[in-house]
Amino acid sequence: MSLLAASAIPDLTKMGELLATDPDIIHERDAETNASPLHYAAQTGSLAAVELLLQHGHPWNEVTFTHKTAAEFALAQGHNHIWDRLLNEGIRVEMLLAILGKGEQDSDTLDLDEETKAKLLPVDASDYLNKKLTYSEDGSKLLDEDGNGVMMGWEAPLMERHAMVIAPAPGKSVLNVGFGLGIIDTYLQERGVAQHTIIEAHPDVYAFMLKQGWDKKPGVKILFGRWQDVVDQLEVYDGIFFDTFGEDYDALKEFHELLPNILAEDGIYSYFNGLSGSNPFFHEVSCAICESDLQDMGIETSIEKIDMGSLGDEVWDGVRRAYWTLPIYNLPTCLFSM
Ligand SMILES: C[S@@+](CC[C@H](N)C(=O)[O-])C[C@H]1O[C@@H](n2cnc3c(N)ncnc32)[C@H](O)[C@@H]1O
């Protein structure tokens with residue numbers, strides 16, 4: 001009997017025997033779907049079978065050819081306890097890897113194969129600043145040379161809410177990192193902010209900002225450059241929003257480390273929460289890690305769940321990859337703990 005077959009029952013005795021005889025059998029995969037023993041065990045709802053596989057070194061984050069995790073297989077059958085167990089395993093492993101300095105050699109949050117990375121992680125934008133960008137005529141899209149969506153108009157209701165969160169009353173001093181289509185900056189202006197600093201790194205976006213006269217708006221200060229390169233020009237703000245493009249979790253974490261120096265004691269911080277935005281399980285693992293890292297810095301996160309309904313396939317017409325496919329958007333509000 002194969003380990004896949006034993007896991008699908010699950011026959012714990014047989015699984016134990018197979019693993020004892022040949023530990024490499026843990027790598028057995030369904031040739032048609034790439035489902036792993038963990039997918040099969042998770043689907044049965046047997047915690048004992050899942051534990052046995054994890055104890056024998058089964059990765060928590062294997063995906064099928066259609067990019068489904070074992071946790072999603074479990075949830076589809078109503079086995080929430082298996083989802084929770086795998087969620088904890090993902091958080092535990094990723095935090096351990098971060099502590100061991102894995103992030104310095106490999107900046108991906110989740111240790112995935114190349115094809116899955118292409119599907120689930122931010123685009124590789126190492127050369128992003130040298131690529132030409134295009135604003136669509138109707139103003140609803142900003143795309144890079146490869147057709148990746150840098151910013152899209154469907155995010156407008158989210159940006160409106162983020163603006164309300166970081167500037168709850170008029171007269172605030174705010175910092176926005178990443179201009180894109182200028183959606184959140186427009187909402188911030190409408191909310192009567194007094195001081196409005198915008199950091200933008202891409203020359204094409206900067207040129208667009210100047211064309212639209214953002215440099216002449218009262219109270220607006222544009223810092224042209226990567227946020228990493230203008231840190232010494234930052235002040236202390238009542239509200240901060242972060243939404244760049246093609247940067248990974250390590251960059252977000254690095255930005256978070258600046259917060260104690262640039263966010264007022266009673267200030268409010270928020271970020272575009274697109275972490276692993278095309279897989280529900282990886283999204284939850286990433287959110288938990290991010291919240292925990294912020295908590296370690298004395299910053300508490302509360303999440304507002306926003307129902308995204310169905311965006312529809314049309315919004316992605318002409319865009320290389322749908323970077324958001326989840327039904328719920330988790331909008332973070334971050335405050336220093338008392
Ligand atoms: C997703 S868009 C921001 C959209 C914006 N929130 C809005 O409401 O339209 C990301 C922006 O961040 C800029 N960007 C990317 N990396 C950056 C960096 N390291 N520093 C500053 N800006 C960056 C991009 O050029 C792009 O304009």
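Indexing begins at 1, ligand by ligand and atom by atom, following the structure's order.
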Enclosure of Asp138 CG (heavy-atom neighbours >12, cutoff 6.0 Å): yes

Using a 3.5 Å cut-off on N or O atoms only, is Val205 in polar contact with ligand 1? no

Applying a strict 4.0 Å limit to heavy atoms, is Tyr128 in contact with ligand 1? yes

Ligand 1-proximal atoms of Asp243, by part, heavy-atom distance under 4.0 Å: both

Tell me the contacting part of Glu155 for ligand 1: side chain, backbone, both, or neither, using a 4.0 Å heavy-atom threshold, strictly below. neither

What do we get for Trp227 next to ligand 1 when only non-hydrogen atoms under 4.0 Å count, side chain, backbone, both or neither? both

Would Phe242 and His256 count as a ring-ring contact (aromatic ring centres under 6.0 Å, His included) here? Give the steps. CA-CA 9 Å; Phe242 184 94; His256 288 171; 7.1 Å; no

What residue and heavy atom of the protein are closest to atom 22 (N) of ligand 1, and at what distance? Ala201 N, 3.4 Å

Heavy-atom contact under 4.0 Å between Gly225 and ligand 1? yes

Geometric class of the Phe208/Tyr135 ring pair [parallel <30°, tilted 30-60°, perpendicular >60°]: parallel

Would Trp227 and Glu247 count as having a side-chain donor-acceptor pair, cut-off 3.5 Å? yes

Checking the N or O distance criterion of under 3.5 Å, is ligand 1 in contact with Leu142? no

Could you tabulate the donor-acceptor pairs under 3.5 Å formed by side-chain atoms of residues 327-338, not counting sequence neighbours?
from   : atom 1 : to     : atom 2 : distance (Å)
Tyr329 : OH     : His162 : NE2    : 2.7
Tyr329 : OH     : Asn273 : N      : 2.9
Asn330 : OD1    : Lys305 : NZ     : 2.5
Asn330 : ND2    : His283 : NE2    : 3.1
Ser337 : OG     : Gly298 : O      : 2.9

Polar atom proximity, Leu181 to ligand 1 (N or O, under 3.5 Å): yes

Are any of the N or O atoms of Phe241 closer than 3.5 Å to those of ligand 1? no

Would you please classify the geometry between the Phe179 ring and the Trp214 ring as parallel, tilted or perpendicular, with 30° and 60° separating the classes? perpendicular

Side chain to side chain donor-acceptor pair (under 3.5 Å) pairs, two or more places apart, involving residues 42-54: Glu51-Arg85

For ligand 1, is there an N or O atom under 3.5 Å from any N or O atom of Gln228? yes

side-chain contact (heavy atoms from CB on, under 4.5 Å) partner of Leu47, the single match among Leu52, Asp84, Ile82: Ile82

Name the closest protein heavy atom to atom 5 (C) of ligand 1, giving the residue it belongs to and the distance to 0.1 Å. Phe179 O, 3.4 Å

Counting only nitrogen or oxygen atoms and a 3.5 angstrom limit, does Met159 reach ligand 1? no

Ignoring angles and geometry beyond distance, decide whether Gly180 reaches within less than 3.5 Å of ligand 1 through its nitrogen or oxygen atoms. yes

